[in-house]
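Since the structure is predicted, the reported quantities are computational estimates derived from the model, not experimental observations.
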Amino acid sequence: MPRHVRLRFDPVRGRHAVLAPERVYWPDDIAVDILKLCDGERTIAAMSATLAAEYAAPVETIEADVLEFIQGWMDLRLLTL
């Protein structure tokens, strides 16, 4: 994530929020799982393998979903490669 974007847990609402300048996003649980893996070191393939094992789903399906999610958040300038 860029320096101006933060993933924080909101204890009042009991869920995670993504804070960006003048914006707040409320990702669902799966999006949070993906964001937590975005550490700048893992590849998309590694992230997908981790999530596929966690959700007992085919890695090809997970990888397509992860790519779509990451592209969407990159378009919003909330993630960078």
Could I get the full list of side chain to side chain donor-acceptor pair (under 3.5 Å) partners for Asp10, not counting sequence neighbours? Arg13
Side chain proximity check, Val18 to Trp73, heavy atoms < 4.5 angstrom: yes
Value for CD1 (Ile34) from CG (Asp29), rounded to nearest 0.5 Å, stands at 11.5 Å
Of all heavy-atom pairs linking Met1 and Leu35, the shortest is CE-CD2, 3.8 Å
Crowding at CZ, Arg77 (>12 non-hydrogen neighbours, <6.0 Å): no
Mind listing the side-chain donor-acceptor pairs of residues 51-71 below 3.5 Å, one per line with the distance, residues two or more places apart or on another chain?
{"unit_1": "Tyr55", "atom_1": "OH", "unit_2": "Asp33", "atom_2": "OD2", "d": "2.3"}
{"unit_1": "Gln71", "atom_1": "NE2", "unit_2": "Asp75", "atom_2": "OD1", "d": "2.7"}

Does Tyr25 form a side chain to side chain contact (heavy atoms under 4.5 Å, CB included) with Leu19? I'd like the steps, not just the answer. CA-CA 7 Å; Tyr25 296 89; Leu19 308 174; over 6 Å; no
Which heavy atom of Arg42 sits nearest to which heavy atom of Lys36, and what is that distance? NH1-O, 4.2 Å
Quick one: closest heavy-atom pair of Pro27 and Ala17, and the distance? CD-CA, 4.3 Å
At their closest point, which heavy atom of Phe9 faces which heavy atom of Arg15, and how far apart are they? CE1-N, 3.5 Å
Are Met74 and Val5 in one and the same hydrophobic cluster, where Ile, Leu, Val, Met, Phe, Trp and Tyr link if side-chain heavy atoms are under 4.5 Å apart? yes
